[in-house]
Amino acid sequence: NKIGRFGVGFNSVYHITDCPSVVSASTILIFDPTLANIDIATTSQPGLAIDHVSCPSIGSQFPNQVKPYEASGVTIGATYNGTLFRLPLRSDESSLSQSVGRSKVLEWMNGFV
């Protein structure tokens, strides 16, 4: 019931990724506003919200989005006790944030080391 300080919140992830996703409890959310990563995404519905417990076949339908979660300990088909965000770093500039390409992301990451 409160918007972040500047009102950008989650949308700020689009500076580093084109396809963020979230697993929480029995739900996996995959956002694809560029329509480049999920073949069923459309301009009117640029993402998915799927109950992976009742639809465990999501792993075979969207392996590129699901396998990283499985590698992190999420069992597709079973409720996950927590929330994981996945922000795959883009390698090239994108229409979502043309000012942030691979070199800028690497520069930021090196600043954490």
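Numbering of residues begins at 1 and proceeds along the displayed sequence.
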**OP:** Any salt bridge (charged side-chain N to carboxylate O under 4.0 Å, His left out) involving residues 60-78? Give me the pairs, sequence neighbours left out, ordered by first then second residue.
**Re:**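 As it turns out, there is no salt bridge (charged side-chain N to carboxylate O under 4.0 Å, His left out) pair with a partner in residues 60-78 once direct neighbours are skipped.
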
**OP:** Enter the distance from C55:SG to I76:CD1 here, rounded to the nearest 0.5 Å.
**Re:**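 Going from the SG atom of C55 to the CD1 atom of I76 covers 10.0 Å.
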
Original post:
For S60, which residues count as a side chain to side chain contact (heavy atoms under 4.5 Å, CB included) partner, sequence neighbours excluded?
Top reply: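 Counting only residues at least two positions away or on another chain, S60 forms a side chain to side chain contact (heavy atoms under 4.5 Å, CB included) with S57.
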
Original post:
Under the side chain to side chain contact (heavy atoms under 4.5 Å, CB included) test, which residues partner P88, sequence neighbours left out?
Top reply: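 P88 satisfies side chain to side chain contact (heavy atoms under 4.5 Å, CB included) with T17, R86 only.
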
Which pairs of donor and acceptor atoms, one on a side chain in residues 45-53, lie under 3.5 Å apart (sequence neighbours left out)?
{"residue": "D51", "atom": "OD1", "partner": "V53", "partner atom": "N", "Å": "2.9"}
{"residue": "D51", "atom": "OD1", "partner": "S54", "partner atom": "N", "Å": "3.1"}
{"residue": "H52", "atom": "ND1", "partner": "G77", "partner atom": "N", "Å": "3.3"}
{"residue": "H52", "atom": "NE2", "partner": "A25", "partner atom": "O", "Å": "3.2"}

**OP:** State plainly whether one hydrophobic cluster holds both V66 and L84, where clusters connect Ile, Leu, Val, Met, Phe, Trp and Tyr through side-chain heavy atoms under 4.5 angstrom apart.
**Re:**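 Yes, V66 and L84 fall within the same hydrophobic cluster.
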
Original post:
Can you list every salt bridge (charged side-chain N to carboxylate O under 4.0 Å, His left out) pair that touches residues 9-30, not counting sequence neighbours?
Top reply: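 Sorted pair list: D18-R90.
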
Subject >> Hphob cluster co-occupancy, F85 + V74, side-chain heavy atoms under 4.5 angstrom >> reply: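 No.
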
For residues 30-38, which side-chain N or O atoms pair as donor and acceptor with protein atoms under 3.5 Å away, sequence neighbours left out?
{"residue": "D32", "atom": "OD1", "partner": "T34", "partner atom": "OG1", "Å": "3.3"}
{"residue": "D32", "atom": "OD1", "partner": "L35", "partner atom": "N", "Å": "3.3"}
{"residue": "D32", "atom": "OD1", "partner": "A36", "partner atom": "N", "Å": "3.3"}
{"residue": "D32", "atom": "OD1", "partner": "N37", "partner atom": "ND2", "Å": "3.2"}
{"residue": "D32", "atom": "OD2", "partner": "A36", "partner atom": "N", "Å": "3.3"}
{"residue": "D32", "atom": "OD2", "partner": "N37", "partner atom": "N", "Å": "2.8"}
{"residue": "D32", "atom": "OD2", "partner": "I38", "partner atom": "N", "Å": "2.8"}

**OP:** Report the residues that fulfil side-chain hydrogen bond (donor to acceptor under 3.5 Å, both in side chains) with S24, sequence neighbours left out, ordered by chain and then residue number.
**Re:**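 In terms of side-chain hydrogen bond (donor to acceptor under 3.5 Å, both in side chains), with neighbours along the sequence ignored, S24 is linked to T83.
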
Original post:
Pairs in or reaching into residues 54-73: which pass ring-ring contact (aromatic ring centres under 6.0 Å, His included), with residues at least two apart or in two chains?
Top reply: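 Sorted pair list comes back empty.
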
Original post:
Is F10 reachable from L89 through a run of I, L, V, M, F, W or Y residues, each pair having side-chain heavy atoms under 4.5 Å apart?
Top reply: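 Both belong to a single hydrophobic cluster.
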
**OP:** Return each pair, listed once, that meets side-chain hydrogen bond (donor to acceptor under 3.5 Å, both in side chains) where at least one residue sits in residues 71-81; pairs must be two or more places apart or across chains.
**Re:**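 The answer is none; no pair qualifies.
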
Subject >> Non-neighbouring partners of T42 that pass side-chain hydrogen bond (donor to acceptor under 3.5 Å, both in side chains), sequence neighbours left out >> reply: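 Scan of T42 (side-chain hydrogen bond (donor to acceptor under 3.5 Å, both in side chains), adjacent residues dropped) gives S44.
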
Subject >> V22 side chain reached by I28 side chain, heavy atoms, under 4.5 Å >> reply: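 Sidechains of V22 and I28: no contact.
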
